Structure formats: structure tokens, C-alpha cells
Amino acid sequence: MSAKYTEYQQLNLPSISEEILARWQEEKTFEKSVELREGKQPFVFYEGPPSANGLPGIHHVISRTLKDLVCRYKTMQGFQVKRKGGWDTHGLPIELGVEKELGITKEDIGKKISVEEYNKKCREVVMRYKDKWDDITQKMGYWVDLNHPYITFENNYIETLWWCLSELYKKGYLYESVSIQPYSPAAGTGLSSHELNQPGTYKDVKDTSAVAMFRLTSPHQTSPRGGGFEDSAISKIFHAITESSQVPSTGGDLGEASAFILAWTTTPWTLPSNLGLTVGPNIDYALVKTFNPYTHLPVNVILAKALVPKYFKPEGENGDFEAYTVETKLLPWKIIAEFKGAELEGLSYEQLLPGDANTLEKIREITPGAEPFKVILGDFVTTEDGTGIVHTAPAFGADDFRVGKKNNLGILTLVDKEGKFIDGVGEFSGRYVKNYKDQKDYADVNVDISVKLKKENRAFKVEKYEHNYPHCWRTDKPIIYYPLDAWFIKTTAVKDRMVELNKTINWKPAATGTGRFGNWLENMVDWNLSRSRFWGTPLPIWKTEDGEETKCIGSISELQQEIKKSYDAGFSKVPSFGGDLGEVDLHKPYVDDIILVSDAGRPMKRVPDLIDVWFDSGAMPYAQWHFPFENKESFKESFPADFIAEGVDQTRGWFYTLHALGVLLFDSVAYKTVVSNGLVLDKNGNKMSKRLGNVVNPFETIEQFGADATRWYLITNASPWDSLKFDIEGIREVQRKFFGTLYNTYQFFALYANVDGFSFKEDHIPVKDRPEIDQWILSSLNSLVKETASQFDEYEPTQAGRAIEDFVDEHLSNWYVRLCRRRFWKGEYEHDKICAYQTLYECLETLSGLMAPIAPFFADWLFLNLNAVTGRSNQSSVHHTDFPLAVESMIDTDLEKRMQLAQDASSLILSLRKKVNIKVRQPLQKVFIPALDAQMAQRIKQVEGIIMAETNIKEIDLLEADNDFIRKKAKANFKTLGKKLGAKMKWAAEQIMGFDNATIDKVAEGEYLLNPGFEAAGEEPIYINSEDLEVATDHIPGYEIAAKGSLTVALDISISEDLKKEGDAREFVNRIQGIRKDSGFNLTDRISLTVSENADLQPALIQYKDYICAEILADSLAFLPVIPDGTEIEVNDVLLQVNVLKKGK
RNA sequence: AGAUCCGUAGCUCAGCCUGGUUAGAGCACUACACUGAUAAUGUAGGGGUCAGCAGUUCAAAUCUGCUCGGGUCUACCA
């Protein structure tokens, strides 16, 4: 234990960080903080694994600060919080990085470089920046176990993933299906949603869009669904047409005068693959008689009624059909029939662009029994744009695929994987649907298709259409949606359960859980697991060539057994995987070489897919423990998590996959509380990106300002879930305002405590025996403890931090210390002084605990400095102590209120002094304060000493309530009266404004009738009482007054001869203190003083000699006619020569 | 396109849930003061159509609806 509190030259947060960090490392403070809670209730935290192949950014610092502070807080509360770190090591970003580095593309893998070498490279790169990450982790003070992290590429980890998959497989949640996925013909690869969400992939492009005309087949060619022919929509349509055009109703073929269904597309190249037209069941459709604007032939078209104005001008309605010619600009039109979408279901139409490849025979070859070319229903259809009827090509759209399957339309994929038409699509065969090959003379096939349609009377409108369309971020070419084989997890099977369990999760902010996440769950689709990449967890599914038999492997030993079987059956060349040493690598290409044997004795090959990396991280609760192969206990204790936190961008990422797997595998939530933090933007509100060059380097920031100021700023500036505009100036402010103030307070304490040798060795003085101001600051402190704890409990660290800030600034520094300064350096070391030391010590000590979660270094520094002298705690770090507990008995709200009164009164008096230009050092005799009621009088009496001392006033004259010296002013209490009076409120407010003292007093006595003439006016009587008034002092005759709310002060500004002398004496003291300080004297150095004789000041100095000598620690004060080598000082406009000599030299 | 968050002083944010009188704080700016905590502090001042419009109400920054602007996420959008 040291004898003295360490004093510092100036606040240096970075060096505090360094010093404390070194200590933590040396003493293994983190490890100890976990060990100390051995056997205590666990608080479970999951670390969302970062990927170490990129550098950490400032946004990592905020989410990790959040995680860290919660874990620290819970530890201090007595929980044991183990924090296993982790690394995300698979996935596309890593592969892409490697490709870039090697200068290759996906197609080169397996050709220019073997998969083995490629994966080896990935494995090397994965931990490239691990050092940097470890560095920032330590420097920012993030406590997480980096010595035993989980690493997603390790066999143990993968083995658990396989176990999870096989569990899902057993439950029937794993299935294979064709799905429509984003596909880049230019790159020849499917794209993940991740890739599609790279910045800049969605671009505004102008495409040729076409409204195509699908001719309905005649009634006799159509087989209406159920019911009589007469009731069907088709008959309605043909009746309407024949009637309106006076064509004899033969029921026969109307040729080009027939009805056409209009359907819009921005991708005309999908039209040859059209197999259906989808309408909305509840949408109103209209049959419009008009002309084709290109061919000028009379036609009848069907489209959504709501969209008719989009294609037809109002002036053309019921226009002159007879007069229409090629030159007519205005298209005449007329609605001749209307129907609901549901009525149209089942109608047949002529194929738009028939060819050899899309004949009915071909279609049925692919999909036996398919029934294409009919109108079907779909709930995704809107009337937002297009025609309200969706051209449906099942191969090229997910919705199309779904409804196509449901309605047995079949499927046509007339475009190959290179993005060109296959043979049998007429003149379009062999042409690329978009310019994928950068051909200079590329002619847009979409335009040609449109032209063909125009010529054939099959296009109603062709125009350039600007829309937002996804592009392959690598080739910059538009993607298409294309059918690909994939494996899925049937998450939709447990959708209801996921929704239900989600309601039990504590989301911060709540809106993310109900809104963003809730909506996402409601609209959930099955989880597409397949990725056709190389570096990732292989899908452990083996399949026979015909796909009839599959096996899902759930562990390495199971795999070995199966290999043995296969070896015995003669398929596998080796009896086991990985040779004698059991050194297996569960990655490609090794697993792909394994051939297993099916139950029926046929060879099986592995499905070449990898799984979505999100599965890796979503399964971390199990895989981090290598469950169920090991650590069953550890897993049981740590599932589900009490708390997780990540960026809000993880809502549909990690938060989702954790939840999905928790529900699928264990019918449980995976976490009980989740905090999602917002983005970190630059100071102008732009997203940080390397491209804009506005990224903040967290290393530099922490180096410059220390971790504490950075953390404090990040946490207190905005709620974690609001996006944060990061401004370095903000950190500077935190450093100065908060840490600077707290540091000064500590310095102040240390300075005097060292002088007096205070080391808390005296008995603890009961709070009730301490002065009122001590009781007050301790009351505020305990209120703060309560507030802070409850905010931390609610996962509102921002509020907690702000409360601490307010306390330090407003209460501790600018009131308690300011008022109590003298108590620390004046007088003997006895009761009052010890009270002051104990009180200030307790404040600082408690603060170190309260702030420890957010500012761990500074808090520990403060704690250690204090504890080094007193040894009050037997812990070697604040992080090992218990979080401060509020002592209810020390909270005195009335005391806090009257201190507020004292602060307000002082502030008002100081402002009056300022107004009349009388400095605080000049004592004044009296201040009047009207007390509006007995309680207020009582309160002021209790704090009058404080007010007098603070403002240098000799007496406070309380003016009691019934004093007619002051004039009162009343205002209506809108809140109480408004409810009673309603519309008469305004009138009442005016009445009350005009009240005089007598009336106000009358109201205070009891019920007062506001409208005596109510009977004559035929109104209800209005009674008001004191509650309905807010009374303030309007005026005190003859005095300068100032007021705040109901508090008013009136200052007597006359300065008597005596007061003037006292003021001079104080001014003189002040000047001598200045000299002491400038001369570098110690606080305790005693001096002797000589002053030049002066008629103006001498009487004052003599009269207050004792006071002066006591203040400036002078043993003698002498007057001489001349002071050689004196210092000139100015005291209230009088010049003096003084000589200050340090004694004992 | 949908969902969601946000829009209050030059800047960063309170206040909004639970409507009430003159909308606050810090930073920055200006002036003055203070000075044994001093790279601090106090006092005063300028600075606001509370994004806009409409509605509910005696009363709207606050409640409701719409619009606009920004962020994020999601998206098969024809």
C-alpha cells in the first residue's frame, strides 16, 4: 500500500490505457474475472465471429464495445460470463480475395490451379489479419477468450455442422429441388444473395420493354372450367365482342378481331419460354375495344381496369371507331366487358412465339402431362405497373416457377447457361439475350423480338423502360434468373414456431424484432443451402447416379464406417479416409473423392455443393463446443444465450440463422436478448467505404484518444441502434468534458488528501453525522447508482453513460467540489474535513465501479489509484468488484430537491451580481426570497447557508407567503384546468392572468368560483383551487429581481463601508494567493508579507488582518513605506507594492 | 417496390410513450467575469416555420394520416 495518491501532470488517456492494459496482461485480470465467479450463475454470451481476412474498422469497435460492456456489467453483478471468441473462416469474400490475389476467376479453379492448392491458399489467407484483430481487441479493451476460439474450418467444427445437417435430414427438413436463382451468364456461375447485395450491383438501366398480346383461343377451342359454357368468361368475352362489332355470333374463330390478353415484360427474351399468364384473383379486368397502334387493326384487349388510363387517353373513350385511320393520333377505345381475375382462370391462349423447341410435345417431353398456355391465378400480381397480367416463364422467375409448378404449366429453358438461345427458337437461336461477350456489333435480341411482335400484331406497346436491375458485380453484366439444382432446409415447416418463439426474445430496439425480423419471418422461404464454390463446409450428402438413394453423413466415424462398407463392396479404393494417422480434411477436394455404397449396393457420389456460410455461424452454439461429440455439459450450460449483439445488418443474417437452427434442432430460441447496433457513418452521414476514403482507422483513433474516450463517445453519443455519425471532434469533447472533469476531481482530491494524509483509516462516519452537502451528494450518488443499474439492466448503456456524465459534471464537480473546496484546504484535519474526504472518496470509488463497463481502463486506473492508498477493497481490479449497490436509506429526494433550489437561487443571485457588476468577492448584505408556501420556506431555510456561502451574501430574508410586500402573479395550470374546462380554457386563462394578490390568496384558501354570473349566462359553475394555479412573484418594489419558475430572488445591492472593507480584504487575499501560486509555493508553505503603506486600503487590511493571514498562511503582515523589489498588485483600483517571502528557507 | 429507423439551433443530441403556458442541453460563436481543480469554470447574448401538409383537440414538437428527404435491410418484381 502506498502512502500517497498518485498525482499527475496532466490527463493522458492513451497512456492510462497502456498502463492498465499492461497490468491486465501481467495479472491475467480477464481470466481472473471469470475464475472469480466460478460456481456462480452463468450469463451466456455468444460472440458473432468476425472474419479475419479483412481489417477491423471503427464499426467493429462499437459493436464490440456494446458486447464488452454488457459482459463486464454482468460479471460485476456476480454472474460468470465466459466469452469464447470465434473466427468465421469460410465463404465467398475469402474466395474472391484469393482469386483476385492469384489473378484468376472461378472458371480457372480446377484448371489453372487445383482445388487442393486453391483451398490451401484460402486456408492461409483466412487468418491473415488475425494479429491486427487481436491487437484491436486488446487495445479497445474487449475481453474475449482469444486463446480457445472456435474456428469454422476446423474438423471439429465441421463435424458438428454435419451432425446438425444429418439431424435435419432425419427430420425430413433437408430436400433437393430446382430453384430459380440469380445467375450470371457472363461469369457462368450462380450468384449468392450476398454477391447480389454488393454495393453497385443494382443499377438503373434502360431496357426494351414490350406489352405483348396473347390471343385467346375461340370458345370451341377452350374447355371452360366446370359449369355451363354460357356462364364462362370466354363466352362473356365473345358475346361482348360480337355485339360491339356487329359480327355475327358464330362461336367461330374471330381471327385478329379476337380478344388479346396484354402482358408486359422488361425481358422480351423470356417470351418464347412463356407458358402462362398470371392474373390477380381480386383484381378487376376490362375488355377494351380499340385498335393496335402499330398495325392499326381493330383489336379487343384485356388488362387491369385500374391500368386502362395508362394506355388510353380519356379523350379517346367512346371515340369514333368508324373514322379511325392510320393517321389518327388519338386511339378510340371503349370498355365492353369487365370481370374479376378469378373469372379468367383457365382461359387458353395461342402460343406467342412458337418454334421447334417449344412445341407442346417438347414441353410434355420435359414435363409429362403439362398443360401450358392458360390463364392462372397468383397473389403476387399487382396493378402497380405493366398491365396487371404477368407474363409467366417458369424458368426465369421465382414467382413464375412457383405458380407454374402449382398449375402444371411445365417449364421451358430456351436459353442456355452461356446466355444464348438454344436451337429451335427460330431466327433467334444462337443469339445472346444480353451482350455478354462484349460484341461490338451486338444487336439487342429484345428489340428484334419486339419488332417481330409489332409486325405480327402481337405487340401493343414497345418502349424503353428504366428500372433497377441486378448485375453481376464481377463482370458488370446483367444477371438473369435461371433454374439451378439446390438443397434446401424446409424452414417454412417451423415458421409458426419461429414466429411464436421470436415473441419471447427481448429485442433492442423492440421494433427490429417485431418489424424487420418479424416481417422477415412472416414472409419466410425455405433456406437455400447450396453454394457451388470451393472453400466451405461440404454438404455431407451422397447420392446414387439416378438420385434415387441418398445418404447424409453426420460424423467422421460414420463416414469411416461407410467408407469401410464401400471398400468391402469394391467401390472405395481405400478402406478408410485420411490414411492411417486419421488426418482427415473434410474439405474439397478430398471429400469429393469418396465413393460410398448405397443400401441397395450401388455407388454413391457426394453432391458437389458447399453449404451457405451462414449455416456455419448459425450453428456456432453447438459447433463451438463440438457438440454432441464432446463438451455436452458446456453446451447444456450455454444454450440458449442470454445475450448477443451485432450490427443491424445481421438481422436477416446471423440473428436469423441462429434462430432458425435453434428452433429446427432444439425447438428453442438460441438467444434471449439481442441488441442490434446501427451503422457507423462518417460525420456527414455517409456510409463509410474505402471508395469514398472516409473510413476511420480504429487504431489511430485509439492511439490518439485512448480506448475509454472512444468507447464512451460511441456509447453515449447515440443509442446503439441509431446510426452514429462519427466525428472525431466528439471524442475530443468527451475527453475534455467528461474524463477531464473527472480527472480534475481526482487530482483535486489527491492533492489535498496527500497533504492531510487521508487514507480512510478513520472509522467510516455515518452519513447522518455528515454535513448536509455531503448527505446531498451521497443521496445523488445513490440515485445515480440506481439509475445506472436499471439502465444497464434494460440494455440502455447510452442512458447509463449520460446519467454518469451528468452527475460528474453537474453535481460532483460543479457543485459539490466547488462548494466544498475550502473544506479540503482550510482548517485542521478533524471531523468536517474527514467527512469531506470520505464523501468525495466514496463518490470517486463508486464512480469507478459505475463507469467500469463503459470505460474499463480509466475506471480501473481510478480504482487502483484510490485503493492503493486505502486498501478498502481486497480486489486487484475494479472489474473484480461487485457493481455498486444503491443504498436506499441514503436517498433523500427532498434533500435533492432543496439542493436544486439552492443551485437555482445561487445561479439567480450570481446573474444579478453580474447585471449590476458587483464581483462575487465583494460581500453583500442581504437577499430577499419570497416563499410561496411553508414547504418552500422550510426548504430554503435548510439550504440558506449554502446559498450565502456560494454567493457571498450575509443574510437571506425569507418573505412569507402572506406578505403583501411582494406582488404575486398567477398563471393557469393548463394541465388540470384543461381537462375540466375544455373549450372555456382560453377564457379562464385570461381571467386568472388578471388575478391580484387577494384573489390568489382566496383561491389558495379553497374553492373559488371563477364565473359568478354563470346562472345568467346559462353556464355550469367553474370552481378552481390552488392546484389550478401556478403562482410566481411578479415584482418586489425597489429591488432588482430575477426569477426561475416559482423561485424569485431580490438582491440588496447597497455596499456599506464595512462590506467594502471586507471586499477589499478578500480581493487582497486573492492577489496574494496569485503570487503564491506564480511563485510555485507549496500549499503548505508559510510566508511573511510586507505591504506598502496606503491610506485607502490599510484600514481594511488591518481590520481583517487575522482573516487575511489565515487565508494566505502568513505568519506576519507588516506595512512599510517603501517595498524594495516589491511586486505591484492592484486591489479594487488601488495599486500596492507587496513582498511575499517563503519562510523556513 | 416493400419493411424499418430517422428528420428539433451551424454541429451532436434531449424532450415525443403519458398533448399543456415562453421547446431544452452540450459544442461552436460573441461579450464579460472568475482563478490554489485552471488546456477547467461562471454569467449573459445571438441562433429554431420542431422536414412539409392535413386531421383529431380548448390546446400538437408530442397523437393520426399523407407527402418529401436521408439511412439500413429485403426483393422474383412481370
Side-chain angles (χ1 to χ4, degrees), chain A residues 10-11 180 182 193 196-197 202 209 263-267 270 278 380-382 384-393 396-402 467-470 481 509 511-512 514-520 523 647-649 651-653 678-679 681 683 685-687 716-718 721-725 727 729-730 732-733 736-737 740-741 743-749 751-752 802 805-806 809 813-814 817-818 821 824-825 907 910-915 917 919-921 971-979 981-989 1030 1070 1073-1074 1076-1077 1081-1083:
Chain A
Q10 61 169 21
L11 174 63
I180 308 302
S193 59
L196 218 51
N197 279 309
Y202 279 85
S209 75
W264 179 60
T265 180
T266 53
T267 50
T270 60
T278 310
F380 58 89
V381 181
T382 67
E384 294 292 311
D385 43 24
T387 62
I389 297 156
V390 178
H391 141 62
T392 303
F396 303 120
D399 275 332
D400 306 47
F401 181 76
R402 198 163 42 77
H467 63 155
N468 204 240
Y469 197 83
Y481 291 89
T512 304
T514 51
R516 188 183 281 197
F517 195 66
N519 278 320
W520 168 252
N523 300 315
V648 69
D649 51 330
T651 305
R652 280 143 179 181
L679 273 264
L681 311 170
K683 66 181 206 178
N686 299 311
K687 196 174 172 174
T716 58
N717 189 60
W721 33 89
D722 288 336
S723 53
L724 174 87
K725 288 183 192 164
D727 188 355
E729 283 305 315
R732 227 184 281 276
E733 191 180 324
R736 209 176 55 228
K737 185 98 186 129
T741 306
Y743 162 83
N744 277 334
T745 307
Y746 166 77
Q747 270 295 88
F748 173 82
F749 168 82
L751 188 64
Y752 293 108
R802 285 176 181 173
E805 264 174 9
D806 284 351
D809 186 43
S813 171
N814 279 323
V817 172
R818 191 149 64 91
R821 272 198 303 233
F824 290 89
W825 51 268
S907 164
L910 291 174
S911 80
L912 284 177
R913 275 181 169 279
K914 163 73 197 159
K915 202 167 167 188
N917 238 333
K919 57 181 72 172
V920 181
R921 269 197 301 276
K971 265 187 194 171
N973 181 344
F974 280 73
K975 208 163 187 170
T976 60
L977 277 175
K979 286 202 178 87
L981 301 186
K984 298 206 66 116
M985 187 63 225
K986 266 187 186 144
W987 173 83
E1030 279 168 14
N1070 168 261
Q1073 299 287 32
R1076 283 185 61 113
K1077 195 180 174 193
F1081 294 179
N1082 280 327
L1083 290 174

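Letters go in sequence order (proteins before strands), and every chain restarts at 1. Since the model is a prediction, treat every value here as computed from it, not as a measurement.
Among the protein residues, A:G740 comes within range of no part of the nucleic acid, since none of its heavy atoms lies under 4.0 Å from any strand. Residue A:Y752 is in sugar-phosphate contact alone, with no base atom involved, counting any heavy-atom pair closer than 4.0 Å across all strands shown. Among the heavy atoms of the strands lying under 4.0 Å from A:T745 is at least one base atom, whether or not backbone atoms are also near. Across all strands shown, A:N1070 has heavy atoms under 4.0 Å from sugar-phosphate atoms exclusively, and none from any base. A:R821 comes within 4.0 angstrom of a base, heavy atoms only. A:A263 comes within 4.0 angstrom of nothing in the nucleic acid, heavy atoms only.
Put simply, A:K737 has a side-chain N or O that comes within less than 4.0 Å of OP1 or OP2 on B:U41. A:N973 has no side-chain polar atom (N or O) that falls below the 4.0 Å cut-off from OP1 or OP2 of B:G20. The side chain of A:T266 places an N or O atom within less than 4.0 Å of a non-bridging phosphate oxygen (OP1 or OP2) of B:A78. Using a 4.0 Å cut-off, no side-chain N or O of A:R732 falls inside it from OP1 or OP2 of B:A28. OP1 or OP2 of B:A40 has not a single side-chain nitrogen or oxygen of A:Y743 nearer than 4.0 Å.
Atom CG of A:L11 is separated from atom OG1 of A:T741 by 10.0 Å, given to the nearest 0.5 angstrom. Between atom CG of residue A:D400 and atom CD1 of residue A:I180 there is a gap of 8.0 Å, rounded to the nearest 0.5 Å. Annotation: the span from A:T267 atom OG1 to A:H391 atom NE2 amounts to 5.5 Å, rounded to 0.5 Å. The OH atom of A:Y752 lies 8.5 Å from the CZ atom of A:R821; values are rounded to the nearest 0.5 Å.
Listed by chain and number, the residues in a salt bridge (charged side-chain N to carboxylate O under 4.0 Å, His left out) with A:D806 amount to none (sequence neighbours excluded). Residues passing the salt bridge (charged side-chain N to carboxylate O under 4.0 Å, His left out) test with A:R732, sequence neighbours excluded: A:E729.
Summarising the geometry, the separation between NZ on A:K975 and P on B:G20 is reported as 6 Å, rounded to the nearest angstrom. One atom, CG of A:D400, and another, P of B:C76, lie 12 Å apart when rounded to the nearest Å. The distance between atom CZ of A:R402 and atom P of B:C77, rounded to the nearest whole Å, is 14 Å. B:U41 atom P lies 11 Å from atom CZ of A:R818, rounded to whole Å.
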Polar atoms only, N or O, under 3.5 Å: list the protein pairs with nucleotides 3-5 of chain B and their distances.
{"unit_1": "B:A3", "atom_1": "O2'", "unit_2": "A:N519", "atom_2": "ND2", "d": "2.8"}

Under 3.5 Å, N/O pairs linking protein and nucleotides 30-32 of chain B:
{"unit_1": "B:C32", "atom_1": "O2'", "unit_2": "A:K914", "atom_2": "NZ", "d": "2.6"}

Report each atom pair, protein N/O against N/O of nucleotides 16-19 of chain B, whose distance is under 3.5 angstrom.
none

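When the nucleotides B:A78, B:U12, B:G26 are ranked by their closest atom to the side chain of A:E733, B:G26 comes out on top. When each of B:G20, B:A78, B:A28 is scored by its nearest atom to the side-chain atoms of A:R736, the top-ranked nucleotide is B:A28. When distances are taken from the side chain of A:V817 to each of B:A37, B:C58, B:A78, the shortest belongs to B:A37. Distances from the side chain of A:N717 to the nucleotides B:A78, B:G26, B:C13 place B:C13 closest. Closest contact between the side chain of A:Y481 and the listed nucleotides B:G42, B:G20, B:C76 involves B:C76. Comparing B:A78, B:A28, B:G20 by their nearest atom to the side chain of A:H391 picks out B:A78.
Rounded to whole Å, the C1' atom of B:U62 lies 11 Å from the corresponding atom of B:G20. The same atom, C1', is picked in B:G48 and in B:A9; the two are 6 Å apart, to the nearest Å.
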Encoded 5' to 3' (Watson-Crick or G-U under 3.5 Å; [ ] crossing; | other strand), RNA chain B becomes (((((((..((((......[...)))).(((((.......))))).....(((((..]....))))))))))))....
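Looking at A:S813, its side chain comes within 3.5 Å of the base of B:A37 through a donor and an acceptor atom.
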